[in-house]
Amino acid sequence: MASCAGLALCGQALVVRGGSRFLATSTASSDDDVPFTYDCSTAEKKSQENKGTVVRRCTALTFTASEEKLLVADKSGDVYSFSVSDPQGCGRLELGHLSMLLDVAVSPDDRYVLTADRDEKIRVSWAAAPHSIESFCLGHAEFVSRILVAPDHPELLLSSSGDCTLRLWEYRSGRELHCCHLTSLREPEEPWGDKRSAASRIAYWGQESCVALLCDCIPVVYIFQLDARRQQLVYRQQLAFQHRVWDVAFEEGQGLWVLQDCREAPLVLCRPVDGRWQAVPENAALKKVSAHLQGNWAMLEGLAGVDAGFSGLYKATFDNVTAYLRKKEERLQKRRQNPPPGPNGQAKKMKPEEASLRCSS
């Protein structure tokens, strides 16, 4: 199994991460969550059966580079570690945030644990001593939805956010290298041109340093190229689909797999042809995997139908001052039109200077 394998339907309904040998899953059916680990080399399921080990719902999970531990981030902002060799062991609390965690990643050398939360922060902690913080990557204006460390450039971090940006970081120093505004890539005639969206998946293909970005509830996959020498992201193209895209993942030697909300054609395989990504004709591998998905379509459709995207994570803003000033102006207009009566029952006329003073108050 490729190390980049993953699936996250609607961001939180089903979370799957794969390594070279193990596969981990978690379903967000309730606040109490149970992660399951599978040994794919022997087709043996190794699972953590005791419920309540993860106190709150799992939002993200990943393996360490050595695949000795499974790191699970939950809704309350904590990260627990589970031993792969001891599937019945209890989870160990590694670190915590003050806000909800949305993603967790590990550096390729297992030295750092990177966590992204709802309060626009990316924290870089030492894996051996998670209480020791190496740096913060600060700059996003909304929640950080996804993070990914480039496997062939282990010093670089990709992050996406509800502020509609894709950013490149040198995460050990917390320095931002490049920021791409996704709204500038959209066409005005597109029906989602002015819609707020956060990335639900960042996929990376080391063969051509290619980055695929899938945004929540938008049937478009943005393709970038990571230029590590110039420390920037180069926009290449966007792939548009007729149906809602649930997830994307690269596979070495195959290309970009696209999972979409279409029972007749649940999978689309894209490959670069003359520098442009495009869908390839149906082949044996595509037919085989599509047949498996069609046979379990009821489960996929039910999970993906859950409205558990990022819409509820945006900041709520309240402009009470504008409403107050508008009502105040309405009261002043009424007083000018109907001035209060004087001592003899006659309407009292306001002097111009009094009117200006009242208006300024």
Side-chain angles (χ1 to χ4, degrees), residues 8 11 59-60 62 73 77 79 95-108 111-127 130 132-186 194-204 209-216 218 222-236 238 309-317:
T59 55
T62 189
V79 174
L95 58 90
H97 283 232
L98 294 177
S99 61
M100 178 181 179
L101 286 178
L102 298 178
D103 207 0
V104 58
V106 182
S107 62
R111 293 182 65 187
Y112 303 102
V113 177
L114 298 91
T115 46
D117 66 20
R118 186 180 179 179
D119 290 339
E120 309 101 38
K121 297 192 305 298
I122 301 173
R123 183 199 295 182
V124 182
S125 307
W126 283 83
S132 179
I133 299 174
E134 177 73 7
S135 65
F136 285 98
C137 298
L138 304 177
H140 283 296
E142 281 284 357
F143 58 87
V144 183
S145 57
R146 292 289 176 262
I147 54 176
L148 182 142
V149 179
D152 52 351
H153 300 287
E155 74 283 0
L156 299 179
L157 173 72
L158 294 163
S159 70
S160 61
S161 167
D163 61 8
C164 295
T165 63
L166 175 66
R167 302 180 190 236
L168 181 66
W169 309 83
E170 187 181 66
Y171 62 87
R172 284 196 60 184
S173 63
R175 184 165 63 96
E176 181 181 311
L177 303 176
H178 188 245
C179 176
C180 178
H181 294 271
L182 302 180
T183 52
S184 64
L185 307 178
R186 300 176 185 172
D194 58 349
K195 185 177 181 180
R196 291 193 305 178
S197 60
S200 56
R201 169 71 68 204
I202 303 176
Y204 185 78
S209 298
C210 188
V211 178
L213 187 73
L214 172 63
C215 289
D216 185 40
I218 294 180
Y222 297 97
I223 304 295
F224 299 86
Q225 186 174 18
L226 174 60
D227 189 339
R229 185 177 64 84
R230 296 182 179 179
Q231 297 182 332
Q232 65 180 8
L233 293 163
V234 181
Y235 172 68
R236 292 304 184 193
Q238 59 176 292
F310 297 108
S311 58
L313 300 181
Y314 288 94
K315 295 177 183 176
T317 57

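In this text, all values refer to a predicted model and were calculated from it rather than measured experimentally.
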Query raised in the report: Backbone N or O of E142 within a donor-acceptor pair of the S161 side chain at under 3.5 Å?
Result: yes
Query raised in the report: What's the verdict on side-chain contact (heavy atoms from CB on, under 4.5 Å) for E120 and F143, showing C-alpha distance, side-chain angles and the deciding distance?
Result: CA-CA 5 Å; E120 309 101 38; F143 58 87; over 6 Å; no
Query raised in the report: Is there a donor-acceptor pair under 3.5 Å between the side chain of D117 and the backbone N or O of S99?
Result: no
Requested in this report: Ignoring hydrogens and angles, tell me if any N or O in the side chain of T59 forms a donor-acceptor pair with the backbone of A73 under 3.5 Å.
Outcome: yes
Query raised in the report: Does the side-chain contact (heavy atoms from CB on, under 4.5 Å) test come out yes or no for L166 and I202, once each step is laid out?
Result: CA-CA 10 Å; L166 175 66; I202 303 176; 4.2 Å; yes
Query raised in the report: Do you know which two heavy atoms are closest between C137 and G174, and how far apart they sit?
Result: SG-CA, 3.9 Å
Requested in this report: Output, in order, the C-alpha distance, side-chain angles, deciding distance and verdict of side-chain contact (heavy atoms from CB on, under 4.5 Å) for L158 and L168.
Outcome: CA-CA 5 Å; L158 294 163; L168 181 66; 3.8 Å; yes
Report summary line: To the nearest 0.5 Å, atom CG of L95 lies from atom CG of L101 at 7.5 Å
Query raised in the report: Is any side-chain heavy atom of L102 less than 4.5 Å from a side-chain heavy atom of L313?
Result: yes
Report task. Give a yes or no on whether a salt bridge exists between R172 and E134, defined as a side-chain N under 4.0 angstrom from a carboxylate O. Result -> yes
Requested in this report: Answer yes or no: is there an ion pair linking R167 with D163, defined by an N-O contact shorter than 4.0 Å?
Outcome: yes
Query - Validation row: F224, L185 side chains within 4.5 angstrom (heavy atoms) - result: yes
Query - Closest approach of F310 to A199 (non-hydrogen atoms, all atoms of both residues) - result: CE1-O, 3.8 Å
**Report entry** Which atom of V104 lies closest to which atom of A60, heavy atoms considered
**Finding:** N-CB, 3.9 Å
Query - Geometric class of the Y235/Y222 ring pair [parallel <30°, tilted 30-60°, perpendicular >60°] - result: tilted
Query raised in the report: If only atom types and distance count, is the side chain of S135 paired as donor or acceptor with the main-chain N or O of Y171 below 3.5 Å?
Result: yes
Report task. For residues H153 and Y204, determine if any side-chain heavy atom of one lies less than 4.5 Å from a side-chain heavy atom of the other. Result -> yes
Query raised in the report: Can you check whether R146's main-chain N or O pairs, donor with acceptor, with R201's side chain at less than 3.5 Å?
Result: no
Query raised in the report: Q231 and H178: side-chain contact (heavy atoms from CB on, under 4.5 Å), yes or no, with the steps?
Result: CA-CA 7 Å; Q231 297 182 332; H178 188 245; over 6 Å; no
**Report entry** CG on L233 to CG on D227, rounded to 0.5 Å
**Finding:** 9.0 Å
Query raised in the report: If you round to the nearest 0.5 Å, how far is CG of D152 from CG of L226?
Result: 7.5 Å
Query raised in the report: What distance separates L182 CG from C164 SG, expressed to the nearest 0.5 Å?
Result: 6.5 Å
Query raised in the report: Going by heavy atoms in the side chains, are S145 and S160 under 4.5 Å from each other?
Result: yes
Query raised in the report: To the nearest 0.5 Å, how far apart are CG in D103 and CD1 in I122?
Result: 9.5 Å
Report task. Taking the side chain as every heavy atom from C-beta outward, state whether D119 and H97 have any atom pair closer than 4.5 Å. Result -> no
Query raised in the report: How many angstroms lie between CD in E176 and CG in L157, if you round to the nearest 0.5 Å?
Result: 11.0 Å
